[in-house]
Amino acid sequence: MMRGLRLTFINVGYGEAILLETADRTHGNGVFRALIDGGSADPEEYDDTSSGRIPVIRWLERKGISQIDLLVNTHIHEDHTSGLKAEAERYRPACFWQELPPLFYQAMTPLPMRQDLQTTEKKFLSSVNDYRDVCRILAAKGCEIRQLNSESTCLTPAEHLNISVLAPTPEREELLERMLAAISTAPDQDAARTAANRADAAMNNFSLMLMIEYAGRRILLPGDTNQNGYGHLKDADLRADIFKVGHHGQKDGISRDIFRRIKPEYVICCASSDRRYGSASPEILKMMREEGAELTFSDCPDVPGQTDNLEPHNALIYEISEDGRISFRYEI
């Protein structure tokens, strides 16, 4: 029988997929499970498995997990959204948390893939299409599609588990709706491309930012929010024992001033082993370590002096006991 709370950061390479599990008498087998983001659905992301990379659906099947109670999409990017489609098809969650109006997906039209688009542009359009598909699949199964923002009340999806939503603000959600609608309603392909690139560039700071509280401990999961996305939280209590750094630990992921407000004991960096796009920035890792945090990684980025002796692994697992003790381990 499971006790306490477990957070598993699955090694999906460049992307994020976090499985939250906790004991709960009201759910099947006495366990509540939430999957926060699903990593990439691009097969090429998993061509090189030397660092332990694995698609989320394969990891879940390997573990024999037959039940997911909640799916969460922090924001619409391919490395967070597209991997959720396999889980939406495989499982029957009761609820889907995301940041758009519950029926917004019904007005979305499939976006075509032009041959002249760059790889990053194709990935973004794919993520928008996959978001639409995830909503359609889940709605057909009777899943509640729920919009969250900073004005949402404190959520208690399981016993002894509280989740607060710190971002985005309703104003930013409205802007996101307009930006996504502009892609489908653009008068020509060039205008649609411009609208899509604008939405893609802004998307990180529209992320759901979740503060999870269990057994007196706090966990801050900001999605891909970077240091510029904390502006509305000037007076907020950001203290957290465990912090997943935003934007895969790129140089803009967090500032020292904001990090000092969070003051975590443990940090998770979801950077790929190839350190794509400058993820796992040596500068930001050094800063967080200087501030006293222990650094842990979902994959195996090579940053001398910061990730030495990091062995290949399928997942990074954090556990919080019922009396608040924190431990972590890597799982091969």
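As the structure is a prediction and not an experimental result, all values here were calculated from the model.
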Which pairs count as salt bridge (charged side-chain N to carboxylate O under 4.0 Å, His left out) when at least one residue sits in [range], sequence neighbours excluded?
{"range": "residues 281-292", "result": "K251-E283, R256-E290, R256-E291, R260-E291, K286-E290"}
{"range": "residues 193-211", "result": "D116-R193, E121-R193"}
{"range": "residues 233-243", "result": "R217-D241, R218-D237, D237-R239"}

State whether a side-chain donor-acceptor pair under 3.5 Å links [X] with [Y].
{"X": "S273", "Y": "R53", "result": "yes"}
{"X": "S51", "Y": "D299", "result": "yes"}
{"X": "Q250", "Y": "S281", "result": "no"}

Original post:
Remaining members of L103's ILVMFWY cluster at a side-chain heavy-atom cut-off under 4.5 Å?
Top reply: none

Original post:
Tracing side-chain links under 4.5 Å among I, L, V, M, F, W and Y, which residues wind up in one group with Y277?
Top reply: Y14

Original post:
So how far is it from Y131 OH to E99 CD, rounded to the nearest 0.5 Å?
Top reply: 8.0 Å

Original post:
So how far is it from I262 CD1 to Y230 OH, rounded to the nearest 0.5 Å?
Top reply: 4.5 Å

Original post:
Quick one: which of D37, N73, V128 gives a side chain to side chain contact (heavy atoms under 4.5 Å, CB included) with T81?
Top reply: N73

**OP:** Just say parallel, tilted or perpendicular for the rings of F328 and Y266, cut-offs at 30° and 60°.
**Re:** perpendicular

Taking [X] for the side chain and [Y] for the main chain, is one N or O donor matched with an acceptor at less than 3.5 Å?
{"X": "D224", "Y": "S207", "result": "no"}
{"X": "R329", "Y": "E319", "result": "no"}
{"X": "E322", "Y": "A215", "result": "no"}
{"X": "S321", "Y": "R325", "result": "yes"}

**OP:** Report the C-alpha separation of K63 and E331 in whole Å, then their side-chain angles, then the decisive distance to 0.1 Å, and conclude whether the salt bridge (Lys or Arg N to Asp or Glu O under 4.0 Å) test is met.
**Re:** CA-CA 12 Å; K63 293 294 180 179; E331 179 182 82; 2.9 Å; yes

Has [X] got more than 12 heavy atoms of other residues, nucleotides or ligands less than 6.0 Å from its [atom1]?
{"X": "R90", "atom1": "CZ", "result": "yes"}
{"X": "N29", "atom1": "CG", "result": "no"}
{"X": "K141", "atom1": "NZ", "result": "yes"}

Original post:
Is there a path from I10 to I219 through hydrophobic residues (I, L, V, M, F, W, Y) whose side chains come within less than 4.5 Å of each other?
Top reply: no

Original post:
Applying the 4.5 Å side-chain criterion to the ILVMFWY set and letting contacts propagate, would I212 and I18 be lumped into a single cluster?
Top reply: yes

**OP:** Output all residues satisfying side-chain contact (heavy atoms from CB on, under 4.5 Å) with H313, sequence neighbours left out; order by chain, then residue number.
**Re:** C300, L310, Y330

**OP:** Answer with yes or no after comparing the ring centroid distance for F32 and H27 against a 6.0 Å cut-off, counting only values under it.
**Re:** yes

Subject >> Over all atoms of both residues, closest heavy-atom pair of T74 and I36 >> reply: CG2-CG2, 3.9 Å

